[in-house]
Amino acid sequence: VCWLGHGLTGNTATLMMVLCLFFAAWAKVEMTMDESVEVYLGDLADIPCQYVFSEQPRAVMIQWFVRNPGSSSRERIYYGDNTQQIVDDGTDFTGRITVSDIGDQEGVLLTIQDVQLTDEREFFCQVNGMAAGNGEGKTHLRVFDPPEASVIEGVHTGISVTNELPSRIASCEARNSFPKPNITWYRDSSPLTPTHGQINVVTLVTRESSGFYTVQSELQYKVAKEDKDALFSCEVSYYVPEGVRTAKSKVINITVHFPTTIIELWKESPQGLVKEGDTVELRCQGDGNPPPPFTFNREQASDDTLVLREVIRGDSGVYQCRALDLDTYEQVTGDMQLTVHYLDPAVVVPKDSEILLKGESLTATCNALSSLETTTVWLKNGQEVGKGHMLFLQDATYDTAGEYVCEVTVSSLPGLHTSGSVHIIVQGAPQMKDADREVEMDEGTGKWVNLSCEAHAHPLTTISWTVTGSQSWHEVLTRATEHSTISVVSIKVTSDITAFCNATNDIGTETKSFSIRASKPPSEGNGVIIVVIILCILLLAILGSVLYFLHKKGKIPCGRSGKQEITKENPNKDDIVMEMKTNTKTEDAGLLKGINGDKNGPSDQLFATPPHPPTIQG
């Protein structure tokens, strides 16, 4: 009946359809469809429709419908039976859908290509098996598209903690998402929930003409001083086929304005202790934001810094920094103690110079007023001779004389140092080295001898010479220094000489004596004898060499006795007979004894004593 009624029109077709439905009510069709199918925008969507008849139908008619947006009406998009398959024209799905068998199961699969946002609807699958029964199922197609990256923007002005109501902190926006996303605010890592009088969240949802959603969220927050270091962010949660995803924005920091309650004043430079002449920089800082203008109790400052140039001890004292908060009109102060350390010039007693007699003692003092503990050392010629502010000089000698410098330093502040000096003069009679011992020497007659004499004393001495035994003498050098006088005389030795060096000043006199014994020089006759002896020795050496050479050539035969006479064939009385001896030690010893022995006088010696050069004796 259902099959025949399908091909008829008019009242007859209506009657046949009623009869079809009447008979079909006795049959059963079990429908199976997903409650929803989720797919990304632009992807392919498959909506299955499965059915099972209680009786085998002779024919099956399948129709797909879609609910129109915003209404309860339906629109058919597909019709199919055993003889034909038709995609309805003029719908949103024309050209984008196909219907195919599922496979080994009874059912069909609706495929939608290039899914659009407007495709999110309810899809109905109607199955009509005529007398075998009919059924209907539906599936809700859900379309998803993630939002763009969230954009967070904080306020650029400072927010005061004195505001009574929550202030706008930041805004967060999630654009072009489907379905509508949600925005959650965070302070550091803790989520913020709306709280009356403390936290407000204003959300604006916009449906674009394209069908996408744009969500804007504004955070209103009552700030406190502790929020100056807080980090705020927003989190966007959105739906995807796999579930819910989240995306966090970058973090921002806000500028919090709060009144100044504490002021700190400190010395920025120099590091460590301050001494006179330094440039001191004092810095003032409060805990408020923005920093209030600062004023100092002594000087005008630049912003939060006070510079004191070439400070003196009078700059020591308490420095104060004041600030007036422009929000609360409360004045806050901070202070510090500045100490300028000093070291006065050294005062040495005795002052400048002091005269001591030989053997006297002296105590010198060196003092320098300072705000810190000092260390004093005494130097002479760069060498340390004492420590402490007192210098003891006992049993003064001429070596004691000189300049003594006291150096005063502050170990805790190396830049502080001063010095003073005293010049010590030692007065006394002249003093000469080994004055109590006479200088004795031997010199040849006719020689010139230099005698030197040095005397130490203050006042300076005058040196004079007394010479007996020679009329030929003169002073060749005289030189005076601060503490000594030197004199050198040259004397010709003609006989035994006695010379006296006399050193005299206003305090006394000292004398040093010299004794010169004159000796005769070797005579010319002795020199001639020495030359003759040397020539004889040379001749004997040459003759011995010639005889040795002839012997080696075999020209001269020799006997065992070591003696051999050398004669001609017809010797005569004028011929010379020479005797060679192998042992010549006795002759040599006699010859040397004649040269160096004590028995011969100066005129018999081989080598005469050379004349003495002039020497300086003292």
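The basis for the numbers below is simple: all heavy atoms, side chains too, and nothing from hydrogens, waters or symmetry mates.
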When you measure from the side chain of [X] to the backbone N and O of [Y], does any donor-acceptor pair fall under 3.5 Å?
X	Y	answer
Ser217	Cys172	no
Asn253	Ala230	yes
Thr195	Thr193	yes
Thr374	Val408	no
Asp188	Leu231	yes
Arg313	Val340	no
Gln285	Glu264	no
Thr139	Asp34	yes
Thr206	Glu208	no
Asn163	Leu165	no

| query | Under the side chain to side chain contact (heavy atoms under 4.5 Å, CB included) criterion, do Trp185 and Ile169 qualify, and how do the steps go? | reply | CA-CA 11 Å; Trp185 286 96; Ile169 296 296; over 6 Å; no
| message | Which residues pass the salt bridge (charged side-chain N to carboxylate O under 4.0 Å, His left out) test with Arg283, not counting sequence neighbours? | response | Asp304
| query | Are Arg74 and Phe124 in a cation-pi contact, defined as NZ or CZ under 6.0 Å from the six-membered ring centre and within 45° of the axis? | reply | yes
Side chains of [X] and [Y] in contact at under 4.5 Å (non-hydrogen atoms):
X	Y	result
Gln116	Asp92	no
Val108	Asp101	yes
Asp344	Thr418	no
Tyr404	Val348	no

| request: With side chain to side chain contact (heavy atoms under 4.5 Å, CB included) as the test, would you mind laying out the steps for Ile152 and Lys250 before giving the verdict? | output: CA-CA 7 Å; Ile152 186 172; Lys250 67 178 182 179; 3.7 Å; yes
| query | So does Asp278 pair up with Lys267, basic N to acidic O under 4.0 Å? | reply | no
| message | Tell me whether Lys228 is salt-bridged to Asp287, with the criterion being a basic N under 4.0 Å from an acidic carboxylate O. | response | no
Spacing of [X] atom [atom1] and [Y] atom [atom2] [to the nearest 0.5 Å]:
X	Y	atom1	atom2	answer
Asp352	Ser421	CG	OG	7.5 Å
Leu391	Thr376	CG	OG1	11.5 Å
Leu306	Glu268	CG	CD	12.5 Å
Ile263	Asp335	CD1	CG	10.5 Å

| task | Under the side chain to side chain donor-acceptor pair (under 3.5 Å) rule, what do Ser412 and Glu373 come out as? Steps first, then yes or no, please. | result | CA-CA 8 Å; Ser412 58; Glu373 184 177 353; over 6 Å; no
| message | Set out, in order, the CA-CA distance, both residues' side-chain angles and the distance that settles side chain to side chain contact (heavy atoms under 4.5 Å, CB included) for Met336 and Cys321, then state yes or no. | response | CA-CA 9 Å; Met336 66 161 289; Cys321 172; over 6 Å; no
| message | Phe178 and ring pair (Phe, Tyr, Trp, His ring centres under 6.0 Å): which single residue from Phe212, Tyr213, Tyr239, Tyr40 fits? | response | Tyr213
| field | Identified side chain to side chain contact (heavy atoms under 4.5 Å, CB included) partner of Pro292 from the options Leu324, Thr260, Val332 | value | Thr260
| request: Kindly determine whether Phe258 and Asp227 satisfy side chain to side chain contact (heavy atoms under 4.5 Å, CB included), including the steps that lead there. | output: CA-CA 10 Å; Phe258 45 88; Asp227 294 317; over 6 Å; no
